[in-house]
Each structure stands twice: as C-alpha cells, then as structure tokens.
**Q** 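Quick one: the structure is below, and I'll ask about it shortly.
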Amino acid sequence: MEIFLDSANVEEIRRWLEYGVVDGVTTNPSILLKDGGYDMEERAREIADLIYPRPVSVEVTTNHCEQMSDEARGLASWAPNIVVKIPVINEYGEPCLGVVKALVEEGIKVNMTACLSFTQVVLGAKAGATYISIFAGRVADEGHDAPRLIRQAVDWLKEWGYASKIIVGSVREVINIQDAALAGAHVITVPPQFMDKMIDHHYSRATVRGFNADAQQALAKMEDLRARVRV
Ligand code: E4P
C-alpha cells in the first residue's frame, strides 16, 4: 500500500519525504488555495521537482470536456511525474470518461477524481484511468459505508484484471486511514496533520521517558561504584 500526502504545503511534503514514508502527493484547487499555492503552475512544478520520480496529482479547473483535455495536456507538460486529475463527471453531471480515455491513450497518467460510488469506479476502470479516487469522507458524509465500498472496488478490479489503482482520499479521522488500509486500498492520500497523529502515542512517549530515566539512574550508580573503587 502506498501513502500519498494530500497537500500542497512544500515544507510538510519535504518533512515527510525525509522520513521515507511518502510515495506521492495529491492536490486539488481547494488544497492549493488553503496552502497558498495561488500560482498553480509554480507550486505544482515545485512539488513535482521535490518528490520526483514519485507522482503528484494536479486537477483541471474547467467544466468543458474539450477545454479539460487541453488543460490536462498543459498540466502534464509541466513535469514528467504530474498525474492529471479529471473529475468523474463535471458539475452538470456530464461524464468526463472520454477525456480520461483520450489522455490515457496519449500516455498521460490520469487520476479520475471525486468518485463516490461503486459504479463510477467500474466505468473509470473501463475508461482506463490510472488511478481512481474514492472520497471516503464524503461517502461517509452521506451516510454510506466507505470501507465496504473500498473493499468492493478493490476486489472487483482484481477479479476482472483492471490495472486502475484505488486512491482513498477525503480523510477526516485517523481511523479512516486504518479502515481504508484494512479494506485493501492501493493508496491512501493523507493530509499532513493526520500523519503526526498516526505516529504519536502518549504511552510510547511515557515508555521512552521511563527508559531514559532508568539509563540515567544506571549511569549514576556506575559512577558511584567507580568512585568507591578508587577510594
Ligand atoms: C484527494 O485527492 C482529494 O482531493 C481530497 O482528499 C478531497 O478531500 P475533501 O473531501 O476533504 O475535500
């Protein structure tokens, strides 16, 4: 399973990259806005360069399929490791599957995004999407069982031999990461604040504190014994 960072914060990406636990990055227009990446091209190029050869997803920002394809080609030209994010449908409900298919046929990697149902995953896989992003938090927002959807999607892709990888996004709580991992997600994209929560534990801190205190006590005893021998 791969871990992507759902972020456009260069410092956070650099930090987690140095720990050796990041396999890629995903962004969207809202994340870029939140993280101050107002110049999408500049920030995308910076992230792509930083994490190369790992992939970074960058999303198109238009509703029209023809413009979407042109924009996607432009995004993909910024760096060799840019994956273009194409929504499964536009805001009017028109399918973007033709855009996915055409771009993949041109050799551009596509992350088909904003998926909330099993049937969207099926159609994305048939259109050839490299990645299919299931927004687990939004699935749960609407009262549905996100881990069950992830498990069914992953199993179905495997059963029928589709190469698309499921990215689980829209993480709201650390337990969502555990649920997605155990449901078989190929990739989970995690906002940096949850990475800190994944690693920290009060009892690990207390355990290490206890060991350090005992080591100090042992050192003091050894020095005391040596002092007595010298006398
Ligand atoms: C990732 O690729 C998605 O864009 C992101 O996880 C969406 O998260 P949200 O539902 O919190 O906006």
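The residues of the chain are indexed from 1 along the displayed sequence. Both counts, for ligands and for their atoms, begin at 1 and track the order of listing.
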**Q** Is the shortest side-chain N to carboxylate O distance from E106 to R73 below 4.0 Å?
**A**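 Yes, charged N to carboxylate O under 4.0 Å.
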
**Q** As a test of reading the model: which residues have a non-hydrogen atom less than 4.0 Å away from ligand 1?
**A**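 These residues qualify: D6, T26, N28, K85, F135, R138, G169, S170, R172, T189.
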
**Q** Angle between ring planes, W156 versus Y162, binned at 30° and 60°: parallel, tilted or perpendicular?
**A**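 Judged by the thresholds at 30° and 60°, the geometry between W156 and Y162 is parallel.
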
**Q** Take K221 and D224, measure what salt bridge (Lys or Arg N to Asp or Glu O under 4.0 Å) needs, and give me the verdict at the end.
**A** CA-CA 5 Å; K221 283 184 189 293; D224 185 47; over 6 Å; no

**Q** Specify whether Y19 and W16 have parallel, tilted or perpendicular ring planes, treating 30° as the upper limit for parallel and 60° as the lower limit for perpendicular.
**A**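 Geometry flag for W16 against Y19: perpendicular rings.
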
**Q** Would a 4.5 Å heavy-atom cut-off, applied to side chains only, mark I167 and I188 as touching?
**A**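 In short, these two side chains do not touch, never coming nearer than 4.5 Å.
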
**Q** With a 4.5 Å heavy-atom cut-off, do E41 and D39 have their side chains touching?
**A**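 Counting from C-beta outward, E41 and D39 do come under 4.5 Å.
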
